[in-house]
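Here is how names work: the chains are called A, B, and so on, in the same order as the sequence lines, proteins then strands, and each is numbered from 1. No hydrogens, no waters, no symmetry mates; every other heavy atom, side chains included, goes into these values. The structure presented is a predicted model; accordingly, all values stated were derived computationally and were not measured.
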Amino acid sequence: MQYWLMKSEPSTFGIDDLAQAPRRRSHWDGVRNYQVRNMIRDDMKQGDLAFFYHSSCERPGIYGIARIVREAYPDSTAFDRRHAHFDPKSDSAAPTWYMVDVELVTRFATPISLEKLKANAPALDDLIVVKRGNRLSITPVTATQWRKVNALA
DNA sequence: GCCAACGTTGGC
DNA sequence: GCCAACGTTGGC
């Protein structure tokens, strides 16, 4: 059982979208980075929990918790010529890109802003998302970090 | 809108 | 295999 942090732009897909999805479940598609691909394909397991982070928005921060309900399977949007995430190099016989399914667990009554996460240094210094220049849309979170962030919520 | 940071691409 | 150019991300 591992912990994660999953980033998304709320203008594209935010925690409200997940809350309104049927059974509060959705694909997490569009991963087009090899490091992230490897993590979701090789390390992410059913039952893992993840912080739902909003980026590129007015108040970046952690808005709630989601659970991995389906492990990695081929990301069909990579094969869809009309899709924004279409990847002509991806072969359906040997898929390059994978996605998982997530289910909303909790929406925080008060989101934990990036500002607040940073204010809790050094305890959360190593939380990858607060690091400058981090561009990975999914990052691992240690059990200690998980506990500390939850204590802030 | 700016810009730093980073991943990817492609010429050599 | 190197590395400059380019595109993207994401906070501010």
Asker: Using a cut-off of strictly less than 4.0 Å, decide whether Tyr53(A) has a side-chain nitrogen or oxygen near OP1 or OP2 of dG11(C).
Answerer: yes

Asker: Once you round it to whole Å, what is the distance between P of dT9(B) and CG of Asn33(A)?
Answerer: 11 Å

Asker: Rounding to an integer number of Å, can you tell me how far Arg37(A) CZ sits from dT8(B) C1'?
Answerer: 14 Å

Asker: Please give, in whole Å, the distance from dG11(C) P to Glu115(A) CD?
Answerer: 13 Å

Asker: Rounded to whole angstrom units, what separation is found between the CG atom of Asn134(A) and the P atom of dG11(C)?
Answerer: 9 Å

Asker: Applying salt bridge (charged side-chain N to carboxylate O under 4.0 Å, His left out), can you list everything that pairs with Arg70(A), at least two apart in sequence or on another chain?
Answerer: none

Asker: One pair to check against side chain to side chain donor-acceptor pair (under 3.5 Å): Asp101(A) and Tyr73(A). What are the steps and the verdict?
Answerer: CA-CA 9 Å; Asp101(A) 287 357; Tyr73(A) 60 106; 2.5 Å; yes

Asker: Do the charged groups of Arg32(A) and Asp75(A) touch, with an N to O distance under 4.0 Å?
Answerer: yes

Asker: Pick base, sugar-phosphate or nothing for Ser55(A), based on heavy-atom distances below 4.0 Å to the nucleic acid.
Answerer: sugar-phosphate

Asker: Check the distance between dG7(B)'s P and Leu136(A)'s CG and give it to me in whole angstrom.
Answerer: 7 Å

Asker: Would you indicate which nucleotide in dG11(C), dT8(B), dG10(C) comes nearest to any side-chain atom of Lys7(A)?
Answerer: dG10(C)

Asker: Measuring from the side chain of Glu9(A) (C-beta onward, heavy atoms only), which nucleotide among dG10(C), dG11(C), dG7(B) has the closest atom?
Answerer: dG10(C)

Asker: Taking the side chain as C-beta and beyond, is there a heavy-atom pair between Phe108(A) and Ile15(A) under 4.5 Å?
Answerer: no

Asker: Between dT8(B) atom C1' and Gln35(A) atom CD, what is the distance in whole Å?
Answerer: 12 Å

Asker: How many whole angstroms separate atom CD1 of Ile138(A) from atom C1' of dG10(C)?
Answerer: 17 Å

Asker: Could you tell me how far apart Asp87(A) (CG) and dG7(B) (P) are, to the nearest whole angstrom?
Answerer: 18 Å

